[in-house]
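What follows is a short report on a single structure.
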Amino acid sequence: MKEIKEELSSTTYPGRGIIAGKSADGKYAVSAYWTMGRSAGSRNRVFVTDKEDGSEVVRTKAFDESLIAGDPSLIIYAAVRELGKKTIVTNGDQTDTIFEGLKKGLTFEQSLRSRKYEHDAPNYTPRISSLLDLEGGVDGGYAYSLSILKSDCGNGDNTLRFTYTYDNPVAGEGHYIHTYMGDGNPLPSFEGEPVKLKIEGGIEEFANTIWSSLNEDNKVSLFVRFIDLATGKFEEKIINKNK
């Protein structure tokens, strides 16, 4: 099991990343998602919140509308949605795909069958997604899943699909998946299983550890949510480099 600081600071560009797990005291489902960028357009983002049908949605938004370049769907999207006792967190507009699929009775994995990696050749950025389900685990308890959709080592004709489900999370442990193995041109996609990480402290300590461990030049925004397993109520923290 890795320390967050050690793992996140091991490369200048892990890209966008997701952590899902359980707090050290065993009381909270834990979720984190961050964005990073090398270009002016990718760095021109903030996380914002709004309400939709009574539930909070966390979206990415352009900080400076005049700097939007390329395909905005790869930069502007709903990153976090809620559906009952389920919380969806992803790095793209597949958040909406999962949300609609779950409403139709599809599973997390089935919902993503209609999607593949992002259309940003030659990088073919992986789509990474998570689902925190307060009723999906052992004996109806908490479970979380992580997914990655990526090209076959840069071969855009093939989509590799991996889903990892943790149906009895351990207090103080989480799993981390991200888009890139490090900097490069083209950017190399994430490889291997999600990394097991130690989760320590409350939401402030956890968020500050992540934010301070990400590369100062490339980090853009961070979202962290702690969901009370007993009540379903949550507290969250958002950090935007652009203010």
Side-chain angles (χ1 to χ4, degrees), residues 2 4-19 31-48 58-80 89-95 115-130 146-156 159-160 162 176-192 194-195 197 207-224 237-243:
K2 302 286 187 68
I4 288 177
K5 184 175 183 179
E6 173 190 356
E7 181 66 21
L8 269 58
S9 62
S10 63
T11 176
T12 58
Y13 202 59
R16 286 166 277 171
I18 291 175
I19 297 174
S31 177
Y33 169 55
W34 62 85
T35 62
M36 303 185 79
R38 299 187 303 177
S39 67
S42 293
R43 292 175 176 179
N44 179 43
R45 286 179 287 180
V46 291
F47 283 145
V48 297
V58 179
R59 302 181 186 276
T60 61
K61 183 184 178 190
F63 178 66
D64 183 344
E65 298 286 346
S66 68
L67 293 179
I68 294 179
D71 185 345
S73 72
L74 299 179
I75 297 176
I76 310 302
Y77 51 86
V80 183
V89 183
T90 90
N91 74 328
D93 62 9
Q94 73 268 24
T95 304
R115 305 304 302 270
K116 59 180 185 177
Y117 49 81
E118 294 183 354
H119 47 280
D120 62 342
N123 294 317
Y124 299 121
T125 297
R127 290 190 184 273
I128 54 173
S129 309
S130 67
L146 295 168
S147 164
I148 182 167
L149 311 178
K150 62 180 184 176
S151 71
D152 187 2
C153 298
N155 178 358
T159 303
L160 306 184
F162 300 90
Y176 161 49
I177 198 164
H178 51 104
T179 51
Y180 309 124
M181 292 305 291
D183 222 323
N185 191 18
L187 287 159
S189 294
F190 177 85
E191 295 178 358
V195 179
L197 293 179
N208 291 335
T209 298
I210 293 174
W211 189 248
S212 64
S213 302
L214 295 170
N215 179 264
E216 183 63 32
D217 293 332
N218 295 325
K219 64 185 179 183
V220 177
S221 296
L222 170 67
F223 157 85
V224 173
K237 184 176 180 67
I238 289 176
I239 303 174
N240 290 311
K241 191 172 183 180
N242 295 310
K243 297 180 180 179

- Item | Side-chain heavy atoms of K241 within contact of F63, under 4.5 Å | no
- Message: Would the distance check show the side chain of W34 and the main-chain N or O of G15 forming a donor-acceptor pair, the cut-off being under 3.5 Å?
- Response: yes
- With the side chain counted from C-beta on, respond yes when V46 and K61 share a heavy-atom pair under 4.5 Å apart, and no when they do not. yes
- Item | Minimum heavy-atom distance between S42 and R45, given as atom pair plus value | O-NE, 2.8 Å
- Query: Rounded to the nearest 0.5 Å, how far apart are NZ of K2 and OG of S10?
  - Reply: 7.0 Å
- Find the distance between CD1 (I148) and OG1 (T159) and round it off to the nearest 0.5 Å. 12.0 Å
- Message: Measuring only between side-chain heavy atoms, which start at C-beta, is L187 closer than 4.5 Å to R38?
- Response: yes
- Message: Any heavy-atom pair between the side chains of Y176 and P14 that's under 4.5 Å?
- Response: yes
- Query: Any sub-3.5 Å donor-acceptor pair from N91's side-chain atoms to I128's backbone N or O?
  - Reply: yes
- Message: Check the orientation of F223 and F47. Use parallel for under 30°, tilted for 30 to 60°, and perpendicular for over 60°.
- Response: perpendicular
- Message: Just to verify, what does N208 make a side chain to side chain contact (heavy atoms under 4.5 Å, CB included) with, not counting sequence neighbours?
- Response: E204, K237, I239
- Measure the CG-CG distance between N44 and D64 for me, rounded to the nearest 0.5 Å. 5.5 Å
- Task: Quick one: closest heavy-atom pair of P126 and S189, and the distance?
- Result: CG-OG, 3.5 Å
- Message: Could you tell me if the side chain of D183 sits less than 4.5 Å from the side chain of T11, heavy atoms only?
- Response: no
- Task: State, yes or no, whether a side-chain contact exists between R16 and T125 at a heavy-atom distance under 4.5 Å.
- Result: yes
- Query: Tell me, which pairs form a salt bridge (Lys or Arg N to Asp or Glu O under 4.0 Å) where one or both residues lie in residues 212-224, sequence neighbours left out?
  - Reply: E216-K219
- Task: Please report the closest heavy-atom contact between S213 and K5, naming both atoms and the distance.
- Result: OG-CA, 3.2 Å
- Task: Please identify each residue that fulfils side chain to side chain contact (heavy atoms under 4.5 Å, CB included) with P186, with sequence neighbours left out.
- Result: P122, N123
- Item | Pairwise distance OH(Y117) to OG1(T179) - rounded to 0.5 angstrom | 16.0 Å
- Item | Criterion side-chain contact (heavy atoms from CB on, under 4.5 Å) on H178 and Y13, from CA distance to verdict | CA-CA 10 Å; H178 51 104; Y13 202 59; over 6 Å; no
- Query: Taking atom types as modelled, is there a side-chain donor on Q94 or R127 under 3.5 Å from an acceptor on the other?
  - Reply: yes
- Item | S130 side chain to V89 backbone, donor-acceptor under 3.5 Å | yes
- Message: Checking N218 against N215: is there a side-chain donor and acceptor pair closer than 3.5 Å?
- Response: yes
- Task: Drop me the distance from R115's CZ to L149's CG, to the nearest 0.5 angstrom.
- Result: 8.5 Å
- For the residue pair Y33 and S221, establish whether any side-chain heavy-atom pair is separated by less than 4.5 Å. no
- Task: Mark yes or no for whether N242, through its side chain, and A62, through its backbone, hold a donor-acceptor pair below 3.5 Å.
- Result: no
- Looking just at side-chain N and O atoms, do T90 and T95 make a donor-acceptor pair shorter than 3.5 Å? yes
- Task: Could you pull out the closest heavy-atom pair between A207 and L222, with the gap in Å?
- Result: O-CD2, 3.4 Å
- Between the NZ atom in K150 and the OH atom in Y180, the distance rounded to the nearest 0.5 Å is 13.0 Å
